[in-house]
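All values derive from a computational prediction rather than experimental measurement. Values below: all heavy atoms of this structure, side chains included; hydrogens, waters and symmetry mates excluded. In listed order, ligands and their atoms are each counted from 1. The first residue of the sequence shown is numbered 1, and numbering continues consecutively from there.
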Amino acid sequence: MINKTKPAGTAKLEINGTTYDLPILSGSLGPDVIDVKKLYGQAGVFTLDPGFTSTASCESQITFIDGDEGILLHRGYPIDELADQSGYLEVCYLLLNGKLPTQTEFKSFAKEVTQHTLLHTQMDRFFDGFRRDSHPMAMLTGTVGALSAFYPSSMDSSDPEERRLASIRLIAKMPTLAARIYKYAVGQPFVNPRNDLSYAENFLRMCFSVPAEEYKISPTLAKAMDRFFILHADHEQNASTSTVRLAGSSGAHPYAAIAAGVASLWGPSHGGANEACLNMLQEIGSVDRIPEFIARAKDKDDPFRLMGFGHRVYKNYDPRAKVMQQTAHEVLDELGVRDTPILKVAMELEKIALEDDYFIEKKLYPNVDFYSGIILDAMGFPTEMFTVLFALARTVGWVSQLNEMIEDPTQRIGRPRQIYTGEAKRSFVPVNQRG
Ligand code: CMC
């Protein structure tokens, strides 16, 4: 149950000689907040913070980030411990339910997810409507939204059982959808899920097996895939999660709200950065060209940015990037492609950027996308699929945050305000009288 903030004092705001008292609230970790809910009612002014740089949009108990220290906790558990000792489905349970499962709870959760992996056969007909060269994120946005047509009862999000079922179905069906998107793009037959495999194994098999031969799943690659999913499972109130919350706050169908999150994730400033980062590493191509790209990233007149560097919240090494780096080495060792030009460029670029004054001053460290693209590329995923894999993994975060919002008794439709700077009121002039 949320609504657990504690009073932590009073802020005084003076506006043109009148002082207003604003409550200060404390959470369990992180900075206090000034509660401005009543400010407009009392003082007739709004606050302005377009990129939400200083504004908490909700109370949440799911994920905590300390960007200065490079800390990421899910329900209190550090991300590196989860990545080392847990598995993706267990992290899903944790995010959704707020606690780690007992063995019995986990067995029944995993069984339920496994049994919901099939898609309605009508869903396959949607794919025929897409061009073969459609961007996979375009197909994902469309097909996740289309799923809402198959589960009309999920619209009743006031029913906890409907919410639970929608969460299970979304987590279960995303890999099947993502794999079909990949297969459609490469022109191979769809592969159906198999219930005797783990979540990650099943996904790899649905992507890379062909009917003509047996597919041997590499435990190292399955582990790396699972880690990738864990590291992308949730990240508090980022753009796509906030989009899901805002879309869902109107009472929209949960699958439609998740489709809105997929759309928001697509952009290169957010989930699309892994695709953009690999493209950039390929464009750099060799270590001797790195200084040229570093100079471009520092040039104010050049819009180029070093993809995979910087983060709105982390002003320290992204804790997910550390685990990704280690996983990248494991995957490349397993595949025997240790000394690829891309990895060489990535390692050298990271070293140079971390020693460069511009990056040090602006606290620009590698983020999760810096190494994830290298892993996915080595596994055989085309660059355009990278953000789809991020969306697959983030689905549990989106549904957990959506459910938390719906369960909050104080929840209202999200409705930001604005400062209007357009024309003041003026009279309409018919077209034949305009000069
Ligand atoms: N390369 C060069 N300069 C940069 C970079 C970069 N990657 N990132 C930020 N800066 C500079 C920026 O030019 C600005 O300089 P100045 O103060 O002189 O104007 C300063 O650093 C602050 O940047 P900002 O754009 O105001 O910071 P932000 O918090 O709005 O943006 C960001 C965060 C992630 C969008 C940005 O760092 C970026 O574009 N990074 C590259 C894209 C990327 O890797 N995104 C993945 C984010 S992690 C995955 C996810 O959460 O989806």
May I ask you to say whether [X] pairs ionically with [Y], meaning some side-chain N is under 4.0 Å from a carboxylate O?
X      : Y      : result
Lys315 : Glu69  : no
Arg163 : Asp156 : no
Asp124 : Arg180 : yes
Asp302 : Arg296 : yes
Glu105 : Lys99  : yes
Arg227 : Glu330 : yes

Is a side-chain N or O of Thr117 found less than 3.5 angstrom from the main chain of Thr114, in a donor-acceptor match?
-> yes

May I ask you to check if ligand 1 and Phe390 share an N or O to N or O distance below 3.5 Å?
-> no

Got a protein heavy atom sitting under 4.0 Å from atom 22 (C) of ligand 1?
-> no

Counting only non-hydrogen atoms of the protein, does one fall under 4.0 Å from atom 27 (O) of ligand 1?
-> no

Taking atom CZ of Phe190 as the centre, does the number of heavy atoms from other residues, nucleotides or ligands within less than 6.0 Å exceed 12?
-> yes

Quick one: which of Arg312, Arg394, Arg305, Lys363 has a heavy atom closest to atom 30 (O) of ligand 1?
-> Arg312

The one among Asp318, Leu306, Leu364 that brings a heavy atom closest to atom 10 (N) of ligand 1 | Leu364

When you measure from [atom] to every protein heavy atom, which one gives the shortest distance, and what is it?
atom                    : value
atom 34 (C) of ligand 1 : Gly310 O, 3.7 Å
atom 47 (C) of ligand 1 : Asn367 ND2, 3.7 Å
atom 42 (C) of ligand 1 : Met307 SD, 3.6 Å
atom 48 (S) of ligand 1 : His311 CD2, 3.4 Å
atom 41 (C) of ligand 1 : Phe309 O, 3.4 Å
atom 52 (O) of ligand 1 : His270 ND1, 2.6 Å

Centroid-centroid under 6.0 Å between Phe293 and Phe304 rings | yes

Considering the heavy atoms of [X], write down every atom of ligand 1 situated less than 4.0 Å from one of them.
X      : value
Ser269 : 45 (N), 46 (C), 47 (C)
Gly308 : 43 (C), 44 (O)
Lys362 : 11 (C), 15 (O), 16 (P), 17 (O), 18 (O), 20 (C), 21 (O)
Gly271 : 52 (O)
Ala273 : 43 (C), 44 (O), 45 (N), 46 (C)

Does a donor on one side chain sit under 3.5 Å from an acceptor on the other, for Glu334 and Ser218?
-> yes

Is there a donor-acceptor contact under 3.5 Å linking the side chains of Thr63 and Asp234?
-> yes

So for [X], does at least one of its heavy atoms come nearer than 4.0 angstrom to any atom of ligand 1?
X      : result
Tyr358 : yes
Asp369 : yes
Lys300 : yes

Check Ala321 against Tyr371 and note the closest heavy-atom contact, atom names and distance.
-> O-CD1, 4.1 Å

